[in-house]
Number of protein chains: 2
Amino acid sequence: MTTDPADTGMLRQTNRSLPIALLRARETLMEPVRIMLSKSQISEQKWRVLRVVSESGPMEQTSIARTACLLLPSLTRIIHALERDGLLERNVASTDRRKSIVTVTEKGRALIREHSAQSNQIFDDLEAQFGAEKLNTLLDLLEELQQVKI
Amino acid sequence: MTTDPADTGMLRQTNRSLPIALLRARETLMEPVRIMLSKSQISEQKWRVLRVVSESGPMEQTSIARTACLLLPSLTRIIHALERDGLLERNVASTDRRKSIVTVTEKGRALIREHSAQSNQIFDDLEAQFGAEKLNTLLDLLEELQQVKI
DNA sequence: GCAATATTGTTGACAAGTTAATGATTATAG
DNA sequence: CTATAATCATTAACTTGTCAACAATATTGC
């Protein structure tokens with residue numbers, strides 16, 4: 001009796017499934033971050049948006065969406081919530097009134113500062129335990145995977 | 001002027017962020033699968049559940065959740081929808097009446113057969129373009145990452 | 001200048017993710 | 001045996017993901 005998928009017409013087994021492996025890796029990785037952020041009522045997504053805008057400076061929403069890996073409808077809602085909580089500001093772009101330029105407020109920067117040490121600690125621990133070289137290999141492979149045209 | 005995070009007190013830059021790299025890789029990978037499944041009104045999550053139960057045989061929901069990387073509340077809704085559409089069946093376990101045992105119906109198996117060739121094709125193409133060896137390295141690294149205790 | 005087209009962001013509707021709380025049932029401690 | 005605790009699945013409430021449709025504004029081609 002064989003279990004070769006080619007013989008049975010079955011699907012590739014899920015035990016070495018790349019999509020699920022990516023999901024699981026994310027769970028492992030983000031769990032401590034989510035626990036940290038839950039103390040400030042900040043979701044993983046809001047944290048991504050705050051960090052991206054903080055690092056790049058004032059940005060339009062399409063750029064934020066691309067960088068933070070969010071779709072525009074989600075981003076719209078997240079930014080409205082962050083604006084409501086006083087962590088971001090939006091201003092209509094002078095050159096193109098369709099665009100709104102998003103900026104981190106001082107309150108937003110304070111929140112980022114408040115968590116940055118612990119956030120860095122988490123990823124430093126990861127790097128220490130997993131190994132800097134393996135981490136780099138993994139990042140390279142993941143970037144290369146994004147280039148594959150399926 | 002330096003941009004070294006150690007000097008500025010800023011966060012690790014997002015341009016080499018592992019969490020976002022994992023997200024992007026998943027997007028690349030799942031886009032063609034989602035397009036394929038959309039023709040049958042099947043979400044990526046429903047597809048995962050169908051495949052997992054199909055491969056493992058009758059299962060209780062806690063096991064499905066663990067294997068398919070879903071939380072129980074999401075799984076409950078997904079299974080109810082799949083049951084409504086006649087793709088799965090649920091039966092109370094004889095040994096433990098808290099548990100319900102989930103089975104794929106013939107209609108469910110037909111749907112899986114209908115898409116299995118194309119699904120395999122997608123991942124065969126990926127393997128061909130990305131390289132089997134790199135794919136294995138990537139899977140190994142991702143599995144190892146899940147073992148890291150942060 | 002003006003109609004057709006594209007871009008930017010928003011909204012609506014619904015599925016799925018997340019946390020907390022809740023029955024129902026089973027296991028365990030005393 | 002019984003009270004307590006643990007497990008399985010569901011529900012509730014809210015956020016986010018996803019697709020389609022939509023205004024508002026810019027751009028392009030004529």
Side-chain angles (χ1 to χ4, degrees), chain A residues 19-20 22-24 26-27 30-50 58-85 87-88 90-102, chain B residues 19-20 23-24 26-27 30-31 33-50 58-85 87-88 90-102:
Chain A
I20 289 187
L22 293 169
L23 267 181
R24 286 195 207 293
R26 260 191 68 78
E27 290 304 311
M30 295 311 295
E31 196 189 14
V33 178
R34 285 211 295 253
I35 291 170
M36 169 186 82
L37 295 174
S38 67
K39 286 160 192 150
S40 300
Q41 304 274 65
I42 294 289
S43 69
E44 185 194 325
Q45 291 82 354
K46 288 176 180 171
W47 179 242
R48 281 216 301 280
V49 171
L50 284 172
M59 286 175 92
E60 57 195 77
Q61 298 185 202
T62 304
S63 304
I64 299 174
R66 200 172 344 101
T67 311
C69 215
L70 292 165
L71 295 181
L72 270 174
S74 292
L75 185 64
T76 294
R77 285 158 194 145
I78 288 167
I79 284 181
H80 287 187
L82 289 171
E83 196 181 20
R84 172 176 44 73
D85 296 343
L87 302 169
L88 290 182
R90 272 188 313 162
N91 295 292
V92 175
S94 51
T95 56
D96 185 339
R97 297 195 313 183
R98 291 171 303 183
K99 300 180 182 176
S100 64
I101 305 298
V102 178
Chain B
I20 288 188
L23 266 181
R24 285 195 209 293
R26 259 192 66 79
E27 289 305 309
M30 294 313 293
E31 195 189 16
V33 178
R34 285 211 294 254
I35 291 170
M36 169 187 82
L37 295 173
S38 67
K39 284 158 192 151
S40 300
Q41 304 274 66
I42 294 289
S43 68
E44 185 194 326
Q45 291 82 354
K46 288 178 181 171
W47 180 242
R48 280 215 302 279
V49 171
L50 284 172
M59 288 174 91
E60 58 194 77
Q61 297 185 201
T62 304
S63 305
I64 300 174
R66 200 173 344 101
T67 311
C69 215
L70 292 166
L71 295 181
L72 271 174
S74 292
L75 185 64
T76 294
R77 289 187 292 241
I78 289 166
I79 285 181
H80 286 187
L82 290 171
E83 195 182 21
R84 173 176 45 73
D85 297 343
L87 302 169
L88 290 183
R90 272 188 312 162
N91 295 292
V92 174
S94 52
T95 55
D96 185 340
R97 296 194 312 183
R98 290 170 303 182
K99 300 179 183 176
S100 65
I101 305 298
V102 179

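Protein chains get the first letters and strands the later ones, always in sequence-line order, with residue 1 at the start of each.
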Subject >> Shortest non-hydrogen separation from A:I101 to A:A93 and the atoms involved >> reply: CG1-CB, 3.8 Å

**OP:** Check the distance between D:dC19's P and B:M30's CE and give it to me in whole angstrom.
**Re:** 12 Å

**OP:** Just report the end-to-end axis angle for the helix from C:dG1-D:dC30 to C:dG30-D:dC1, five pairs per end, to 10 degrees.
**Re:** 30°

Original post:
Of A:E44 and A:K99, whose nearest nucleotide on DNA chain C comes first from the 5' end?
Top reply: A:K99

Original post:
Looking only at N and O atoms, is any donor in the side chain of B:R97 or the base of C:dT25 less than 3.5 Å from an acceptor on the other one?
Top reply: no

**OP:** Strictly below 4.0 Å, heavy-atom distances to any atom of DNA chain C: list the hits from residues 71-83 of chain B, or just say none.
**Re:** B:L71, B:P73, B:S74, B:R77, B:I78

Original post:
When the distance from CG of A:L37 to P of D:dT15 is rounded to whole Å, what number comes out?
Top reply: 16 Å

Subject >> A:R98 backbone acceptor or donor facing A:D96 side chain under 3.5 Å >> reply: yes

Original post:
Are any of A:S38's side-chain N or O atoms less than 4.0 Å away from OP1 or OP2 of C:dT19?
Top reply: no

**OP:** Calculate, to the nearest 0.5 Å, the distance between atoms CG and NZ belonging to A:D85 and A:K46 respectively.
**Re:** 6.0 Å

Subject >> Considering all heavy atoms, the nearest B:L72-B:A65 contact >> reply: CD2-CB, 4.2 Å

Original post:
Starting at CD of B:E60 and ending at P of C:dA24, how long is that distance when rounded to a whole Å?
Top reply: 20 Å

Original post:
Could you give the NZ-to-C1' distance, from B:K46 to C:dA15, as a whole number of Å?
Top reply: 8 Å

**OP:** Could you check how far CZ of A:R84 sits from P of D:dC14, rounded to whole Å?
**Re:** 12 Å

**OP:** Compare side-chain N and O positions of A:Q41 against OP1 and OP2 of D:dT15 and report whether any pair is under 4.0 Å apart.
**Re:** no

Original post:
Quick one: A:L23 CG to D:dG17 C1', roughly how many Å, whole number?
Top reply: 13 Å

Original post:
What closest approach, in Å, do B:E27 and B:R34 show between heavy atoms, and which atom pair accounts for it?
Top reply: OE1-NH2, 3.4 Å

**OP:** Would you mind reading off the distance between A:R90 atom CZ and D:dA24 atom C1', rounded to a whole angstrom?
**Re:** 14 Å

Original post:
With side chains defined as the heavy atoms from C-beta onward, is the minimum distance between B:V49 and B:V102 less than 4.5 Å?
Top reply: no

Subject >> Minimal non-hydrogen separation, A:Q61 against A:L75, with atom names >> reply: O-CD2, 3.1 Å

**OP:** Kindly check if the number of other-residue, nucleotide or ligand heavy atoms within 6.0 Å of CD (A:E44) is above 12?
**Re:** yes

**OP:** Name the closest nucleotide to the A:Q45 side chain, picking from C:dA16, D:dG17, C:dG9.
**Re:** D:dG17

**OP:** Could you pick out which residue, A:R98 or A:S43, lies toward the 5' side of DNA chain D when each is mapped onto its nearest nucleotide?
**Re:** A:S43

Original post:
If each of B:S63 and B:R34 is mapped to the nucleotide of DNA chain D with the nearest heavy atom, which maps nearer the 5' terminus, i.e. the 5' end?
Top reply: B:S63

Original post:
Taking CG from A:L70 and P from C:dG17, how many angstroms apart are they, rounded to a whole number?
Top reply: 16 Å

**OP:** Going by the side-chain contact (heavy atoms from CB on, under 4.5 Å) test, name the single residue among B:R90, B:E60, B:M59 that passes it with B:S100.
**Re:** B:R90

Subject >> B:L88: which of B:I78, B:L50, B:I64 passes side-chain contact (heavy atoms from CB on, under 4.5 Å) >> reply: B:L50

